[in-house]
Structures are given as C-alpha cells and as structure tokens.
Amino acid sequence: MIHPYRRFKAFAFLTALLILLPNLSMASDQLIVYSGRAERLIKPVLDAFQAKTNISIQLLTGSSTQLINRLQAEGKHTSADVFITNDAGTLERARELHLLKPMKIEGIEHIIPQAFRAPDNSWIGLSGRIWIIVYNTSMVKPEQISSLFDLADPTWKGKLAIPTAGSEYLQAGASVISATKGEAATESFLKGIRDNAENFVYGKNRQIVDAVAKSKVALGLVNHYYIYRHLAQNPKAPIAPLLTDQKKGEMGLIMNATGIGVVKHTKQAEAAKTLIQFLISQSGQQMFAERNKEYPLHHMVKADPTLPPRDSFHVAQVPLARLAELREPTMLLIERSGLR
Amino acid sequence: MTALSRRQAFFSPLPLFTFAIATTLAFPLLYVAYSAFSAKGAVWQRLWATRIPELLFNTVSLAIGVGVTTLFLGISLAWLITRYDFTGRRIWEWAIVLPLAIPSYVLAYIYTYLLETGGTLEQGWQMVMGAEARIFSPYSYGGAWLVMTLNTFPYVYLLSRAALYNFNLSFEEAAQASGATRWQTMYRVSLPLIRPSLVAGLFLVTLYVVSDFGAVSLLRFQTFTYAIYQQMTGRYDYGAASILSLLLVLFAFFFLIAERWFRQQSRFFQTGGHIRTKALIPCGTMQTLVITTFILLIFSAAFGVPVLLLIQWTWMTWVEGEMGSGFLQYIWNSTMLSGVAATLAIAIGTPLAYLACRFPTKLNLFVLQGAYTGYVLPGPVAALALLTLFTQYLPFLYGTALVLILAYLVHFLPAGLQAMESAIQQVNPNIEEAAKSLGLHALSSFRQVTFPLVRGGFMVAWILMFLQAMKELPATLLLRPVGFDTLSVRIWLEASEELYQLAAPPALLIILITIPVVLLLTKKNWRAT
C-alpha cells in the first residue's frame, strides 16, 4: 500500500502544478468587456459584433458598482478594455474617478443626444429605459392617476408594490425627482410609497410585475421593458404602463440610459472604438429595440411597435451626468425615509 | 519542556514559516484596519449614530436564535440516531447531513419563493387557518432565522453524533446503576460529557451566521454582513464597509477567545479504550412513526422540498430549451478551484495547528488566532484588499486563479484549522516522543506516526473547506479571472436577472457534486472533529 502521506504529497504537487499553469487562452486581438448588464441582454449584441468584425470578445459580468471597485483597484494593471453598465450614474462616477478615456467619434453629436453622453464623450449612452408605473387594468382606471406623486396618496394603501432601497433604478429615480422637485418633496414621496407598499417590497422588477398581473396589488413601479417581457409570455395579462406627469410644465417620465465607456488604460482603443461605432449604428441600435424592448437613442431608429412611441411623451430634463453627484444625498434621503 | 528546547523550537524554520503564512493571511485584515482608521471621523460618527446599534442587535440575536435551534435540532437528531433503533435509521443517519450541500443563497431564494405573500406556503396555511391568515414574511428575522437554521444544523448533528458514538458507555451505565432515569442520565451525564463537541458545533454555526452574505442579503435582514454588502454595492464606500468589517472581526475575536477559554476549562480525556457499541433501544410502531415524522419534517424543509423545486425548475428550463451551454467548463472550474484551495489549506494549516497544539506559546497561539479572523472578514471586503495587494505588488500574478485561491484560503482555513487542531489534540504526544526517542527526525515522526493518526480529522477539514469554497460567492464574483465563471457565479448571474428558473440548473449541479463529499463526512470511523 502506498503510504497515505506520499499519496497526499503527490496530490498536493499535482494541484500546485495546476494553479501555476498560466492562463493560456488569452489571444491578442480581443476586447475584454466588464459588463454590469444582464448577460442575456448584452451578449447577443456582442456576438453579432464578433461575427461581423472578427474581434473576439471576453465578457465579465458583475454588478456595476463592484466592477467600478475592481477597475479602481486594478488601476493601470487592468485587463479590461471596455466598461458597459445599465445606469448612466455609474458611468459618470467612473468618469469622475478617471477610469474612462475621452473618445473622439466622428458625428456622435448627430447620433446620440447631448443629455445621454458625458460632456467629453468618455461614456456614451446606448439605450433608454423608463422607470414607470405599471397598473392592473381591472383594478385601476388610468384617469385615477395622472402623476407619479399620486402613488404617495393614502388611497393606495396596501395596493402598491415597490422595489427595495438597494435598487439602482429607485436610486436613480429618486435622484431625478429630487433634482426637479427638491429634497423635501422627494422625501415625502418616498415616505408615502413606503407606507402604501406595506409588505409589498420586492428585490426584483419581475416580482413587481407579477404581483400586479396576479392582482395582488393594483400598482407597481418598474422599468418599462419588464412589462413587455411579461406581456410577451402572457399576452392576456391585465397590465399596462401609465404615462404620468405629461402636462406642460410637469416633470415628465423618468428616463435612465445604459451606456458604454472605454477604459483609460486599455491598449485596444481602436478596437473599442469599433465596438462603440457598431453599437450606436442603426443596426446595433435596432437590436436593443427589438431584443430588449428598450428605447434606442439613435434618433433614426424607432422603438418596438408594442411600446408607446418615443415622441408620444416627454421625459424629465435632468442631464444623466448629474446622477453621480446626486447619488450620495439621494442615498441619505432614501435611508432617512425608512425604505428598506 | 526545558527552556532550551523551547528556544530551539522558536528558532527552528517551522515557526518562522508559520509566522510568514499567518502574516500573509492577516494582510487583508491589516488593510481593512488601515482603511477603517483612515476613514473620516464623520463616517464613524454617522455609522455609530444610525447603524451600529441596530446591526449589533440583529447580528447577535440572529446568532443566538440560530444557535439555540441548531443545538436543539442537532442534539435531538443525533440522540435519536445513536440511541434508538427504528425502521429507516440507517438511511436517515446520512440523509440528515445532506442540507450542507445547499448553498445558503439558494435556500434563501427558494424560501423567498415559498414564503412570498400569496405564495405556496401561505395558500397552504390559509386552507388550515382561514383565508385571512398571514404567514411570516421571508424578509424578516423569522426568514433569516429559518434559512440559517435549516442550512447549518447538520454541523451540530455531525459533531454530537460522532461524540455520542465515541462515548465511553461506562459513565451512562454507572449513572443508571445508581438509579438515574434515562432523562437524568442524558441531562446530567451524557450531554455534559459531549459538551466540547457541542461547543465546537455551535462555534461553526455562529461563525457561519455572522459571516454569511448570501442569505441575509437576499432576505434583506440588516446584519453586519448585509450592511457591508450595501455599502460596497450601493455607495462605493470602502471606508464605511471597512469600519463595519473591523467591528465584525472584533466581535468575532471576543467570541473566539471565549470559545478557547471554554475549551480549556473543560478539557478532559476519555478513559481507556472501552469503546463498545451500545445496544440500541428498540422502537414500536408508534415510536417509529413519531420519530420518522419528526426527522422527515426537518429533512423536507431543509433539503427535500428545495431540491424537488430545483429539479422541477431545471426540467422546465430544459423543456423550454433555455438551458445554457458550457456547464462542463463551470463544473471543472468550480471543483478544480475548491479542490486546490482545500488541499493547499491542509498543507499550510498543518504546521499552524501542530505548533499551536504541541508548543502553545503565546506567539504560536496568536498566529493561530490571526488565521482564524479571516473567517469573519467579509468576503467582498477581503477580496478587494487582496485585489489591491496583487495589483500593487504582484501584478504578474494578477489575473490568474491564484488570487482567488488565496482569497479562499484566507476565508476558509479557519474552518479547517478547527478540525485539524482537535485531530492533533487527540494524538497523545507520548507516541511522538517515543518515535523521536527511537531516532526519528521531527518531520519523519510527523509523517510516519502523527499523520496516519490524524488522517480522518484532516479529511474532515478538507471536506469542510472544499464544501464552503464550492459555495463561495462574493469573493469569486470580484476576483475571478476574465472568462472564468464557476457554478456559483452562474447561479448569481441568472438569479440577479430575476430568472430563478434559469438559476436552477447550476444550483442543482453544485448540490449534486457536493453530495458525495458531504456523505464522506458521515463515515463512522472518523473521530469527532
């Protein structure tokens, strides 16, 4: 019999060999993408890019904030070339931390509106998403609610579903509200929806849409495309979005953008630029519209026909770049209002 | 031991090696302490005024609640299994350990599904109690307590079962001969005698409860780890996160000292080698029924129902043709990483545990304690510290799996050390001395005499570390090399997209892979850890 210690030693030696093997899979002509977006929403678009350009893509998915922490700690040793997220505030934060590289892209000002880009183009918006009220069509008449702020009214006690305080969309939404209406109004709005939601606080957008569709609650606050994702699977579900605050002088809907930035220390700036050009081209934008049911930011590309057309509503005029500076005060506001 | 040999022991290469290792392991802690103390006073003040009292209260009460219930479940199950003979006993004996194969975040997401308002459990409850009845929300103390209890009671069960098996029966027989009833014997003789094992089990459970991320963050229960997670994901506030982490480590440190003190107070050896199997108490139909119902209830809640649900979801995913590809790669990545980390941990932990047992000098014990603190240093915080260390000082190693393995070592070595230490403690030093007096070198005496004796305990240590590394999430998410996803990362990626159904296949795979390893833990001939 082999002595157990010898066997143990052999095992230890083998495993040590295994970890010291360098990572051999690294090819030279490839882009490493750190992405805070759901893999299912971004991977098909990146696959199409790979097929078209022969630049291969390695995708590392994580939470946006964590990826920023990682980029910051990695500094100039980072292997990332491109950073993609689902929240413009996060991208602006990355710019403030000098993690992104200002880019020159010909004609960008004619393609993506100013409000959806960093002033120095170190990040560029790709698609728009609206934080919106979903209502149960058999429980609520659309006339009953004309403003987002109606949700704080006690008539909806126990009939509203909201996201948790940790939701990036809630944070971005509260920032936009506070930039247009001031802190006091935002705080009383947040306290109102906290009271009305009672126990209907969900970690996931999908759970909120589900709760509304199953008539557990009458109203919910979600990102618009979750409504359409639910409708695509259950075409008869009694749910619809509410376009609130649309009168002249009112706030408008709350829109956030997903976007892309080139990492400052990349050695692949040219390939990264090719990727951006692909994503903001009409065919790239079309994919965001069709697959993800997001609003394309390219003015020539139409939104999916099941969505309200982009020119049928107006959105709050808060430059997305401001979301970053509003973040800390908003977090304190959310904490103060007792949302969990 | 003479003063001279003590000095020799200190200056020989072994203690220096362990000291170097302990320093490496303590690096993340030092880094966190540094960031905590360089944070602004206002941050300390804000945390102190708004968060810390609540977090402390929640963390402690969760630990106590889970501790009490796991003790009750663990001891009563072990008692039934080792003392009664009923149909199915042999199957239950190992089946009770299976819940250890389920990652806490998977159990948590299953319970959020089962317990949600209008969910399956509430509908069942309403059939019994009337339509207005409400079941408790999973997002509460109750939810966190339930999930943590169901996830950890097998630790207490395993340790008390092993202790009850290795128990010298003469004590019980003496008590009964003196006229004690069966209950009196249990409370006054048997339980006090297996106390060291109970304490060790409680120790594992408590450390697990205060350091776990997955369950509390999914259940949004405000403990230290959840608050740290929020600071790290919502606010980019490494300063605040490190302050909270430091407090958590401090809290755990006091707990460790208390545990060690307790262990020293109650150190005793069992006399003689009279280990016989006790005749089991035979059970009638009624008794069998009651016992089986009790065990079945716990087993279904902790393992049966969750796994059935995962199987159903996996099946639905398969039918809908949404099954992802690349699972072979993820399986390989997960098992390779965890296996390497556990093996390295044994290699590194052996000298630490050995020195602390045989030469319990202040320095050696301090080194050991230093290694222990890594267990409670929250995953994302420790991971970021390691990331900084590697990118600043060892950039050529950054981007390999080595960083991740080091993170696992920092985090899980303590769980293994606990088991290795007690394995070494059970070896009588006289045997080693005898080997040395016969002319064996210290290293060969360890190799040829001690190692074969502690092999069982070391195997348990390896398994504990392998298991936890397989399930680890926060550090893996942050430190994995590009293009290197593990099963736990896949679960997180799907679950965070709100696609619980798609998260089911990788979750089921983790459970299937870990089941055989978990079952190894129930092998009878391995002595109590």
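Worth saying up front: this structure is predicted, and the values here are computed from it rather than measured. Letters A, B, ... mirror the listed sequences (proteins, then strands); counts begin at 1.
When the shell of 6.0 Å around NZ of A/Lys157 is examined, it contains more than 12 heavy atoms from other residues, nucleotides or ligands. More than 12 heavy atoms of other residues, nucleotides or ligands sit less than 6.0 Å from atom CD of B/Glu320. Remark: A/Arg336 CZ is packed, more than 12 non-hydrogen atoms of other residues, nucleotides or ligands lying under 6.0 Å away. Environment of NZ in A/Lys293: crowded, with over 12 heavy atoms of neighbouring residues, nucleotides or ligands closer than 6.0 Å.
Between the CD atom in A/Gln58 and the CZ atom in B/Phe484 there is a gap of 12.5 Å [rounded to 0.5 Å]. Taken to the nearest 0.5 Å, the CD atom of A/Gln207 stands 6.5 Å off from the OG1 atom of B/Thr112. With rounding to the nearest 0.5 Å, the separation of CG in B/Leu384 from CZ in A/Arg70 is 10.5 Å. One distance of note links CD of A/Glu74 with OH of B/Tyr398; it measures 3.0 Å at 0.5 Å rounding. Put simply, CG on B/Asp485 and OG1 on A/Thr61 are 7.0 Å apart, with the number rounded to the nearest 0.5 Å.
Residue contact with chain B, scored on non-hydrogen atoms closer than 4.5 Å, is absent for A/Val33. Interface remark: B/Leu218 contributes no atoms to any contact with chain A (heavy atom separation under 4.5 Å). With a 4.5 angstrom heavy-atom cutoff, B/Phe458 does not touch chain A via any of its atoms.
B/Thr391 places a side-chain N or O within 3.5 Å of a backbone atom of A/Ala73 that can act as its donor or acceptor partner.
Looking only at side-chain heavy atoms (C-beta outward), B/Val482 and A/Tyr34 come within less than 4.5 Å of each other.
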